[in-house]
Trainee: 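Here it is, the structure, as structure tokens.
All figures in this text were calculated on a predicted structure; none of them were measured in a lab. To find a chain, count down the sequence lines: A is the first, B the second, and so on, and within it residues start at 1.
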Number of protein chains: 2
Amino acid sequence: MNLKELSTILGLSQTTVSRALNDYPEVKEATRQRVKQAALLHNYFPNKRAKGLATGRAMAIGHVIPLSTQHEMVNPVFADFIAGAGEVYSANGYDIHLSVVSDVAEENAYRAFRSSHSVDGVIVHGPCADDPRIALLKRLGLPFVVHGRAGEDETSYSWVDVNNRHSFLRATEFLLDLGHRYIALLNGLEHMDFARRRREGFLAAMQGHGVTPIPALMFGGEMTEELGFIHAKEMLAGATPPTAFLVSSMSMAIGARRAIADAGLEMGRDISVVIHDDDLSYLKNGGDIPIFTAAKSSVRQAGRLCAEMLLELVANPGQPPRHRLLESQLMVGQSTGPVR
Amino acid sequence: MNLKELSTILGLSQTTVSRALNDYPEVKEATRQRVKQAALLHNYFPNKRAKGLATGRAMAIGHVIPLSTQHEMVNPVFADFIAGAGEVYSANGYDIHLSVVSDVAEENAYRAFRSSHSVDGVIVHGPCADDPRIALLKRLGLPFVVHGRAGEDETSYSWVDVNNRHSFLRATEFLLDLGHRYIALLNGLEHMDFARRRREGFLAAMQGHGVTPIPALMFGGEMTEELGFIHAKEMLAGATPPTAFLVSSMSMAIGARRAIADAGLEMGRDISVVIHDDDLSYLKNGGDIPIFTAAKSSVRQAGRLCAEMLLELVANPGQPPRHRLLESQLMVGQSTGPVR
DNA sequence: CAGGGCATCCAAAGCGCTTTGGAAACCCAA
DNA sequence: TTGGGTTTCCAAAGCGCTTTGGATGCCCTG
């Protein structure tokens, strides 16, 4: 069933049927009703490709998932982010175009998006310190929103980000106030922007309280359960065992918890743990009293905000870049206590 | 830059340029080279929408993510599955079309895929016992592959699935052989096909060994850390505490492990745990000696297989349905031991 | 009753590509 | 030189939609 067929069935021209369906004012209300009912009856859906060709709009947003060739890691945050963004997209009639590409080919993926006209805008995931993708997208003139930031030049593009620096500064101060001095940092890969900022926040708080951080108690790497376990274990067995951990993700903290239990210690009593919690739907941080004391910021909500921002940018091109800085919420749970 | 412009630059007709780029034989090799170089130089990419319109092929595969309105859960398995499938798609020039829809609207999403001609085929995620989507897709005539199965009628459609029944049968027998009789089952939602089969396997093994399963030691629900914790805790405190747990997912098992630790018990010594392990990249089950004894089956690999199967189906329509039953691999880890 | 204004509808062009049905150029044997 | 077969290229139609630039009929005013 296509427009032509539908219009002959109705005894109207394609023009009128098209206009009726797209809510143009120059068609009589009665006709519009008749058309819409017929469309429903014959379950007619406009051919998106044809529509896109004619209007020049793809009604789709591109997401590129880089599959690193080195570490075989898929970002666990991705599913929740997409779920949030997807809500907004589908409410506005957009859908998602996913490109899974090896990180080497990522640049080309954006180029292809651009010139094949298959998306109206893109979301940039997981920006590094000075991410080359941003310059590329600016050059291509493709609307985009970054989930996170990339280095210092923050005003020239649109982004939605958590205030990672402040979040970790505050979390560290919370631990310092409890009397902890040997605080370990289990961070993400520190060439990623978010991890760098978190480290900065951590260091700023330590220095602010006149505490010198110990290099052996700082780790940056993939945020997996296993690495959390390995490095927490190593630190606990080291020369200067920490009395508290500051951990960049839930999975990593679960690994740390395992190491703590293995060492015969009790979390919350013998040793404190504060985490960053992305509020993933399958790894909820407990009920009323959180398991982990956490700086919480919903990644799903971030997805929603990114999507909304991008759709606005697509609708009104030539606007100045927008920014949205989210503050995390410190939730005190069972995993922290005064130093013993 | 479009075909027309490129062809005038080259002094050739659109036809010839198009044929040169698409490797048709009726164009001289020298011309082809010249054309391809020019395309590269002016970085020309064909407009996908126009191409799709003309060829009738979308070069895209649809994935529908149902967002349940009740439980706000996003399937954590999804990211890894997509990563696997994505590898195959991008190697074949396909990309992914994601629709995030509320579960109520899911049926409509497939209809729209079909009649809007935006995808060449779809993958069905998370099938229930007698999933209505399958009948719908058959009726629509849209090529599809199911990740999992849906009830007993297994021959009439294509699928890739783990042998969940056998996997859990074997895992249960492993525990029975260690002397366990009070074995608890922490399962997924049992209206889902995979969970039903796992339960069947569990029960079959128990009955095969003349052990009557205890209803209070069987739970089916969302596979979150929290629910794993809550129900493991409840079971451990109950009238007939289990000596072993059989758990349907890593996250859930992590919750169970927490409950076990809270009860002052040691996993692997006082109490055994066997899990199903999807081999997610951010929740690896330890290194050489796995943390959990596990029936392991890579969901990423399943994604690859689904994608390959679907692309074949798309390329040769009218073929009989294909099936691929994967056997999980039992890996003995640190979480199991003889009953005490 | 003429003529302007409005509401309603339509024919046809155009989006950028593929593909059909030739046409032109060339080569070679008769 | 001619005729048939190849090779190489092209003009134009068509994919299903939107949108421009009217056309038609109707109502109202003078």
Trainee: Of all the choices, D:dC17, C:dC17, D:dC9, which nucleotide is nearest to the side chain of B:Gln14 once you look at every atom?
Mentor: C:dC17
Trainee: Using only side-chain N and O atoms of A:Lys4, determine if any of them is under 4.0 Å from OP1 or OP2 of D:dG16.
Mentor: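 False: A:Lys4 side-chain N/O out of range (4.0 Å or more) of D:dG16 OP1/OP2.
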Trainee: Nearest whole angstrom, please: distance from the P of D:dT19 to the CZ of A:Arg57.
Mentor: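 Taking CZ of A:Arg57 and P of D:dT19, I get 10 Å after rounding.
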Trainee: I'd like to know whether the aromatic ring centres of B:His97 and A:His97 sit less than 6.0 Å apart in this structure.
Mentor: yes
Trainee: Does any part of the side chain of A:Leu140, heavy atoms only, come nearer than 4.5 Å to the side chain of A:Phe113, both counted from C-beta?
Mentor: no
Trainee: Please state how far atom CD in A:Glu5 lies from atom P in D:dC15, giving the value in whole angstrom units.
Mentor: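 Result: 11 Å.
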Trainee: Quick one: does A:Leu21's side chain get under 4.5 Å of A:Pro46's, heavy atoms only?
Mentor: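 They are not in side-chain contact.
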Trainee: Considering heavy-atom distances to DNA chain C, does B:Leu53 or B:Glu26 have its closest nucleotide positioned more toward the 5' end?
Mentor: B:Leu53
Trainee: Name the closest nucleotide to the B:Thr16 side chain, picking from D:dG16, C:dC17, D:dC9.
Mentor: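 Closest of the options to the side chain of B:Thr16: D:dC9.
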Trainee: Check whether any side-chain nitrogen or oxygen of A:Thr31 sits under 4.0 Å from OP1 or OP2 of C:dC9, and answer yes or no.
Mentor: yes
Trainee: Nearest heavy atom decides the nucleotide; on that basis, is A:Arg49 or B:Leu12 closer to the 5' end of DNA chain D?
Mentor: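 Counting from the 5' end, the first nearest nucleotide belongs to B:Leu12.
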Trainee: Using a cut-off of strictly less than 4.0 Å, decide whether A:Tyr44 has a side-chain nitrogen or oxygen near OP1 or OP2 of D:dC17.
Mentor: yes
Trainee: Answer whether the closest heavy-atom distance between the side chains of B:Val299 and B:His147 falls below 4.5 Å.
Mentor: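 Yes, at least one pair of side-chain atoms sits under 4.5 Å.
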Trainee: Any side-chain N or O of B:Lys51 less than 4.0 Å from the OP1 or OP2 oxygen of C:dT18?
Mentor: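 For C:dT18, OP1 or OP2 has a side-chain N or O of B:Lys51 closer than 4.0 Å.
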Trainee: Check each of A:Glu106, A:Arg114, A:Glu107 against A:Tyr110 using the side chain to side chain donor-acceptor pair (under 3.5 Å) test, and report the only one that passes.
Mentor: A:Glu106
Trainee: Establish, with yes or no, whether the OP1 or OP2 oxygen of C:dT8 is under 4.0 angstrom from a side-chain nitrogen or oxygen of A:Tyr24.
Mentor: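 Negative; the distance criterion is not met.
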Trainee: C:dC10 phosphate, OP1 or OP2: any side-chain N/O from A:Ser13 under 4.0 angstrom?
Mentor: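 For C:dC10, OP1 or OP2 has a side-chain N or O of A:Ser13 closer than 4.0 Å.
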Trainee: What is the distance, rounded to the nearest whole Å, between atom CG of B:Leu10 and atom C1' of D:dC9?
Mentor: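 Whole-Å distance recorded here is 13 Å.
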Trainee: Check whether any side-chain N or O of A:Asn22 sits under 4.0 Å from OP1 or OP2 of D:dT18, and answer yes or no.
Mentor: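 Yes.
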Trainee: Ignoring backbone atoms, establish whether B:Ser18 has a side-chain N or O less than 4.0 Å from OP1 or OP2 of C:dT18.
Mentor: yes
Trainee: Scan A:Arg19 against the nucleic acid and name what it touches under 4.0 Å (heavy atoms): base, sugar-phosphate only, or nothing.
Mentor: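 Base contact - A:Arg19 has a heavy atom under 4.0 Å of at least one base atom.
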Trainee: Grab the NZ-P distance between B:Lys28 and D:dT7 for me, whole Å please.
Mentor: 13 Å
Trainee: Does any donor-acceptor pair link the side chain of B:Thr15 with the base of C:dT19 at a separation under 3.5 Å?
Mentor: yes
Trainee: Is the shortest side-chain N/O distance from A:Thr55 to OP1 or OP2 of D:dT18 below 4.0 Å?
Mentor: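 False: A:Thr55 side-chain N/O out of range (4.0 Å or more) of D:dT18 OP1/OP2.
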Trainee: Rounded to whole Å, please give me the gap between CG in B:Leu3 and C1' in C:dT19.
Mentor: 13 Å
